[in-house]
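In what follows, residues are counted from 1 in the order of the sequence shown.
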Amino acid sequence: MIQHESVDNARLVMFKGQLNSGNAASTEGDILALIEQGEHRLLFDFSELDYISSAGLRVVLVAAKRLKPLGGKLAVYGMQPQVKEVFEISGFLRILEIAHSREDAIRRVA
C-alpha cells in the first residue's frame, strides 16, 4: 500500500507493509501515473515497509528507469534492515540514490 503527498518540490511516496507480487503491479501503475502527471522528483519512504520481493524491486527499478530520460530523480530512505538486505543482495544499493533521512533524500532530488 502506498500514499503520497507533495514535499519541497518533490512527491513523497510512502510504502507500508509489503511490496510483493500481490500488489506490485498496482503499485507500479500508481507510481508511473505520478510520473506521467509530471512528478519527476520522487522520494520513496520505506520506513514502514516490512518486506520487498523481487516483484517489488522491479517497481523501484521501473520508476528509476522511467525517470532517467526525463531528467528526473529518485531517492529512497528509511529502509528497515530486512529490506536493506534485499537491496544489498540484489545490487540495487549501488545503482539507486539511498538517503540517510528524509531531509537527505530531499537534497538528493533537488
Side-chain angles (χ1 to χ4, degrees):
M1 180 178 136
I2 66 168
Q3 295 180 323
H4 54 87
E5 63 186 48
S6 291
V7 175
D8 292 327
N9 296 321
R11 177 60 62 168
L12 172 61
V13 181
M14 298 157 285
F15 293 77
K16 188 172 186 174
Q18 298 189 359
L19 184 52
N20 56 37
S21 59
N23 61 12
S26 63
T27 301
E28 181 177 316
D30 292 346
I31 292 168
L32 292 179
L34 289 173
I35 294 169
E36 287 172 18
Q37 293 165 11
E39 298 290 350
H40 296 163
R41 289 181 171 82
L42 298 180
L43 311 170
F44 284 2
D45 178 354
F46 283 175
S47 60
E48 293 189 41
L49 185 69
D50 302 320
Y51 173 81
I52 190 165
S53 70
S54 58
L57 286 173
R58 182 184 182 281
V59 171
V60 178
L61 186 60
V62 166
K65 283 187 172 186
R66 185 67 58 94
L67 287 168
K68 191 171 186 173
L70 300 172
K73 294 185 179 181
L74 168 68
V76 179
Y77 72 96
M79 283 189 205
Q80 301 292 329
Q82 65 275 19
V83 171
K84 188 171 186 175
E85 183 178 5
V86 174
F87 274 77
E88 214 170 301
I89 291 168
S90 68
F92 277 37
L93 290 181
R94 293 188 306 272
I95 62 172
L96 294 172
E97 285 286 333
I98 308 299
H100 301 291
S101 66
R102 181 173 169 165
E103 294 74 24
D104 184 29
I106 291 168
R107 279 192 300 275
R108 288 172 185 254
V109 301

From Asn20 atom CG to Asp50 atom CG, the distance as rounded to the nearest 0.5 Å
11.0 Å
Say whether Phe44 and Leu32 are linked into one hydrophobic cluster, either directly or through other cluster members, by side-chain heavy-atom distances under 4.5 angstrom.
yes
With rounding to the nearest 0.5 Å, note down the distance linking CE in Met14 to CZ in Arg102.
7.5 Å
Side-chain donor or acceptor of Glu88 paired with backbone N/O of Leu93 under 3.5 Å
no
Taking every heavy atom of Ser53 against every heavy atom of Ser21, the minimum-distance pair comes out as OG-N, 3.7 Å
Quick check: is Phe92 connected to Leu43 through a chain of hydrophobic side chains (ILVMFWY, heavy atoms under 4.5 Å apart)?
no
Do the non-hydrogen side-chain atoms of Leu67 and His40 ever get within less than 4.5 Å of each other?
yes
Smallest separation among heavy atoms of Ala24 and Val59, with atom names:
O-CG2, 3.5 Å
Between the CG atom in Leu74 and the CZ atom in Arg41, the distance rounded to the nearest 0.5 Å is 12.5 Å
Taking C-beta and beyond as the side chain, do Tyr77 and Asp45 meet within less than 4.5 Å on heavy atoms?
yes
Between Asn23 and Gln18, is there a donor-acceptor pair closer than 3.5 Å when you use the side chain of the first and the backbone of the second?
yes
Criterion side-chain contact (heavy atoms from CB on, under 4.5 Å) against Leu42, the qualifying member of Val60, Ile31, Val76
Ile31
Would you say Phe15 and Val7 are hydrophobically clustered, going by side-chain heavy atoms of ILVMFWY under 4.5 Å?
no
Shortest non-hydrogen contact from Ile35 toward Ala63
CD1-O, 4.0 Å
Count the heavy atoms belonging to other residues, nucleotides or ligands that lie under 6.0 Å from CD of Gln82, then report whether that count exceeds 12.
yes
Test side chain to side chain contact (heavy atoms under 4.5 Å, CB included) applied to Ile95 and Leu61, step by step:
CA-CA 9 Å; Ile95 62 172; Leu61 186 60; 4.0 Å; yes
I would like to know whether Arg58 and Glu28 meet side chain to side chain contact (heavy atoms under 4.5 Å, CB included); could you show each step before the answer?
CA-CA 9 Å; Arg58 182 184 182 281; Glu28 181 177 316; 2.5 Å; yes
Rounded at 0.5 Å granularity, tell me how far CD in Glu36 sits from CG in Leu70.
10.0 Å
If I compare all heavy atoms of Leu49 with all of Gln80, which pair ends up nearest, and what's the gap?
O-CG, 3.3 Å
Please find the pair of heavy atoms, one from Ala75 and one from Arg108, that lie closest to each other, and give the distance.
CB-CB, 4.3 Å
Could you check whether any side-chain N or O of Glu5 sits under 3.5 Å from a backbone N or O of Arg11, counting only pairs where one atom can act as donor and the other as acceptor?
no
Do Ile98 and Leu12 belong together in a cluster built from hydrophobic side chains that touch within less than 4.5 Å?
no
Classify the ring geometry of Phe87 against Phe46: parallel below 30°, tilted from 30° to 60°, perpendicular beyond 60°.
tilted
Report yes or no: do Val13 and Val109 belong to one cluster of Ile/Leu/Val/Met/Phe/Trp/Tyr joined by side chain heavy-atom distances under 4.5 Å?
no
Taking the side chain as C-beta and beyond, is there a heavy-atom pair between Glu85 and Met79 under 4.5 Å?
no
